[in-house]
Every structure is written in structure tokens, then in C-alpha cells.
Asks: 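Mind having a look at this structure? Questions to follow.
When a ligand or atom number is given, it counts from 1 through the structure's own listing order.
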Amino acid sequence: MPKEVGFGCFLFFLSLAIWSPTGRSDLVISKADRRIDLTSHIVRVLSTLKVEKDGSGVVSEILLAFPNMQAKNLANLKALYIEGKGKGSAVSLLVTEVHPEGMPQELTFYSISLPEGFDKMKTMTLNILAIFTHSLQPFPEEIAQSDAQLVVFQDSAYYLSPYVVKSQSLSVILPGGRVESYTKHPNGKLIESEIKYGPFGKLPPFSYSPIVVHFENNSPFVIAERLVREIEVSHWGSIQVTEHYDLVHRGAKNKGGFSRLDYQSRSFMGGRSSLRHLIAQLPPRAHSVYYRDEIGNISTSHLWGDSRKTQLEIEPRFPIFGGWTTSFTIGYGLPLDHFLFAEEGKRFLNFTFGCPMNEVVVDNIIVKVVLPEGSKGITVSVPFMTKQWQEIKVTHLDVTGRPVVVVEKDNVVPEHNVYFQVYYTFNNLSLLWEPLMLIFGFFLLFVACIVYMHADISISKSSASYIAKLQWDEVQATVQQVRNVINRCFSVHEKLEASLHDLSRTGDIQSCKATRKAADGLLKEYSKELKPLMVFLQSSSQAAQIWPKVEELVAKEKEMQEKLMQKHSTIVDCFEKKHGGREIDNRVAPYQQKLAVLKQEVDDLLEYIDEI
Ligand SMILES: *[C@@H]1O[C@H](CO)[C@@H](O)[C@H](O)[C@H]1NC(C)=O
Ligand SMILES: *[C@@H]1O[C@H](CO)[C@@H](O)[C@H](O)[C@H]1NC(C)=O
């Protein structure tokens, strides 16, 4: 029995025992049947609860309780009930995290809103699916290439609930293979690859009985520590998707190195839990598919598909064992008409959110939707909590850059691979921008060539016009230098913004302050660099026309710095005083508005200066 592993769980149950809290009495769970699926590295718990009203008051919610240790790994929680007597359609119910009073601190509670009809029915059956990641611990933590991977899972044999539970049972589904040990219980038995506990009779609220199962699970524990998906929409008829993966195998670590000979000659024995290939479910009609890593294109991929889906099977250059990592990129194109629609004067993209790879857990996903230049009024609709913001992506031929919507989420499982929508408005005239620019650009080039060919010949090296040209070149070079320094200032601005973003995510005030300090130093240095350049420009007669704009640009950038620093101090201060998000938003709003105005002004100035 793996004592070290079991300790945390037992400690938790012990604290509950000391507390012995009173539960809720407005409902009774007349029957609770649970089925825990441990066949992959993602743990799926399906609970069927028969709920009865107890008493005459109005009951609008039912509470679910999870030990904090489990709740931190909870990736998805869904509640469904079947309308009518068995034949109706499944209705999904609203689930929210709550903090009810007088309940133990060691538990995290979720509230499920019961449908209105419940008060009349007095009884109903709920199906609850809870999905956990990182919940199987490899034990032993290191294995040799030919060993099977053993893991430990812990839970309670009784359904932990704030309500009285009249009868219940539990079934734990294992992937098959060896079962090292499982907690024996009066009513527990192992039949083939299923452990059954129960049935148990009436139990008071918060009853528990720890169980530990130690079993063989050779599925590769594939975790994408980071997945960045970029979905680029072009109104010229296509969508280009690029996905960058940083994968790690978080199963038992490989001990004693890797032998390809063993691996190939004894394929039944070697590397049973290694990751050999991955299958991505891509949308139908995907084309121009590629798969590459840092070294280059990898040809060991297979593609097949029909009218409903495309499957891409990829094989890394070598099998990935426990503790090993790999990074790669896949990309594909899609026809626009299956994903982009128009509705009430708006357009919307309807696309899948999560990771298209089978049974991969994503610790952190970032989905970027790059919209055509000139898109406005952008809104996003995702059916679960995410963090969202907007960026600009500038590519060649863009005038103002393309708006990018960024959606970020942690702890993502295959069940998150659902559709989300990005709505925006777009003026069809904008579509003409790029070709017009191309035509205009060629025209200018043509004219410039003619002018140059006629002009240059007539310039003699000693003439006044030649000297003027030299001076003008120098002015241009200096303006370019100013431009470079300003650009570096902007990247410092970006770093500051990023540090605030990190702060809101991690709450790490110290590192945010460190970034601020570094930024202060850099900006001071840049300001010193600017001085001689500005003095030159001011004194040069050739710069007379452009000087006021450069001067204004530098002043505006300075003003942006100040506002940004004030915003930064305000947010850090709020975090230190532990103010809430709304409070922070209120305090920051004036700076934010001013910054937006300044940014627009700076953009206009830059555009002017770049045109000289
Ligand atoms: C890799 O494959 C893509 C798509 O097939 C192709 O466009 C690209 O040129 C290839 N790159 C190399 C280095 O072979
Ligand atoms: C998005 O596409 C899916 C699959 O085609 C469809 O079931 C869903 O209704 C669409 N969503 C919207 C809002 O159109």
C-alpha cells in the first residue's frame, strides 16, 4: 500500500471527522449511483442522483461538495436532467461555485439550479458529470522502459454530500491489466476490471470512507502545458489554422534511458505507456495540412477523411516516455463558407474551441482569432468562463493591422472542444483596400523610377542640391533613429502591460514590481539617447517641416509613459490592499481612456512621420 500517496487524502477526511458539520435538510438523496471511469488519464465521474424534496419550503438549488484537493483539479462539471418520464430531451442546468455559510472550509461547493417544475414534481433524477485532471498519481514514480505503469487513485466509497443519502453504490472502471491493491470494504469486490462498492444503506450528511486503488494504467499521460491556436479569417475565401503544442508526458518517469532496439524488437514489451502517435480530429475539408517541429517538416503523418471529419495521425520523431517533452506545430486551411455566417447585419465565426487531439489535457490554452482588417464591434461568446482580450496583428499590406480576439483558459479537457462564436461587423469596401494598395504601390514605384532616372543624372556632386540631398539623408536617418528608440519604449510599455496581466493571473506582486523597476531604468536610458537626436533635428534647416511632428511624438510618448506608470501603481496598490476587480476597474478607467486617446494620437503621428 503506497502510504506516502494516501496521506493527503486521509488527512482531509480526518479534519472532516473532527468538524462533523451539520448538513442541509431541505432535500434528501434517495439514491446515488456513481461510476468512476479510470480507463485513461482523465478521470470522469458520472453520478446519477435521485433527489426528493423534504419539507414544504421552496427548493431552488442542490449543493454538490468536493474536497478542495479534488476541486482544484476539476476541469468540467455538467448537470443534466431528462425532461418527462425517461423519454424527454436532456436539459442542461446552471452550475455555479458557491460559498454557503457554516460549511467546512475543506470543501468546495457547487450549486445546481433546479428547474422550476421541481416544486410540483417533488422528485427528480439528475445526471452529473465531473471531469478531473492530474488525479492519477504514478506509483512508483519511475519505471524502466519495459515496465507497466502503475497509478494510484483515491476517493471516498460513500458519496460525499451535505444531504442525507438513503441508498447508494459505486463502481470504479479500470482499464484492465494488473490491480495491485484496492481498499477492501465489507461490500467491496473486484469483478474483472471493475471494482464495486455497495449498496450502502442510509447515511448522514458528509459521510465518507476513504478508498485507494493501485492499478495498471498504460495510457500515455499527455499534457499540453501550452497550446496556442491561431485561427486567421480572410474574406478572400479561407481560414488558416495554426496550432503550436508544448507537450509533456506526465506519467511515470522513464528510468535508465531509452533503447530503440528494445522498443522496436519487443514492441509488446517495450514502452507500453509511451506516446507513439496522436490523432487529431480536424474539421471536414481541411487542406494543405502540415506537421513540423524545430527541425523541419515531419513526413510520418497520415491524413484521411470523409464529408463529416478529417483525421490526422501524427507520429513524433521518437516515442515520448514519462517525463519527456516535445514541441511541434500543425497547420491546415479550411473553406470559409462552413464556418463564417451572416446574421442581422453582423458576421460571425463558428469554430471549435479546445484541443482537437484525442485524450489530451491542456494546462493552458490560448485561442487567437485574427479577423480581417477593418472589422469592428467584436464580441465573443464561449459557453464557459474564460479570460479575453484584444490585440492587433500587423502583416504586410495591412494599413492599421488586423484585430485579434484572444481567449485564454486553464485546465482544458476534450469535453471543452465545443463551438464558440466571434461576432463582428465588416464594411465590404474594406475588402478593396489591399488590392487598391497593391495597384497604388506599383504605380508609385513606377513613377519613382521615372523621376529617379531623370533626376539623378542632373545632380552634380558639388551642386547645392547635392549638399541638400546629403543633409536630407541625414535628417531621415536621425528620424529613423528616433523612431527606433520610440519603438523600444513601446516594447517597454508592452512589458509593463504584460506584467499587470501576469499579476491578475498569479497575484505575484514582487515580480510585477521588479518589472516596473527595470522599465523605469530602461525608459530613463532611452530618454537620454533621444536628447542629442532631438538637438540635431531642431537645428537642421532640412528638418524644419518634420521637426514639430517629431517633437510632438516624443512628448506624447512621454505622456503615455506617465499614464501607464500611474495605472501600474494604482493596480499594484489595489492588489496590495486586496481590492476587488470592480474597484480596480473603476480606479483604472480614467487612465485607460486617456491611454487609448494618446495611442490613437501617437499612431497618427507615426503614420505621418513614416510617410516622409
Ligand atoms: C513543409 O510542408 C509545407 C506544407 O506541405 C510546405 O509548404 C513547406 O514548404 C515545407 N517546408 C519544408 C522545409 O520542407
Ligand atoms: C456552430 O456549428 C455547429 C456545428 O455545425 C452547430 O451545431 C451550431 O448550431 C453552430 N452554432 C451557431 C451559433 O450557429
Asks: For the pair H249 (side chain) and S273 (backbone), establish whether a donor and an acceptor sit closer than 3.5 Å, ignoring hydrogens and angles.
Replies: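 At least one qualifying donor-acceptor pair exists.
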Asks: Below 4.0 Å from any atom of ligand 2, which residues have a heavy atom? Give them in chain and number order, please.
Replies: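 Around ligand 2, where the cutoff is 4.0 Å for heavy atoms, the contacting residues are F348, N350, Y419, Q421.
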Asks: Apply salt bridge (Lys or Arg N to Asp or Glu O under 4.0 Å) to D502 and list each qualifying residue two or more places apart in sequence or on a separate chain.
Replies: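 By the salt bridge (Lys or Arg N to Asp or Glu O under 4.0 Å) rule, D502 matches R505.
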Asks: Considering non-hydrogen atoms only, spot the tightest contact between P335 and R285 and give its length.
Replies: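 The answer is CD-O, 3.5 Å.
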Asks: Could you note down all residue pairs passing ring pair (Phe, Tyr, Trp, His ring centres under 6.0 Å) where residues 31-53 supplies at least one of them, sequence neighbours left out?
Replies: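 As it turns out, the ring pair (Phe, Tyr, Trp, His ring centres under 6.0 Å) pairs with a partner in residues 31-53, which skip direct neighbours, are H41-F221.
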Asks: Within the structure provided, determine whether R402 and L371 are in side-chain contact (heavy-atom separation under 4.5 Å).
Replies: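 With C-beta onward as the side chain, the pair stays apart.
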Asks: Among pairs that include at least one residue of residues 342-361, which meet ring pair (Phe, Tyr, Trp, His ring centres under 6.0 Å), considering only residues two or more places apart or in two chains?
Replies: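 As it turns out, the ring pair (Phe, Tyr, Trp, His ring centres under 6.0 Å) pairs with a partner in residues 342-361, which skip direct neighbours, are F339-F351, F341-F348, F348-Y423, F353-F384, F353-F420.
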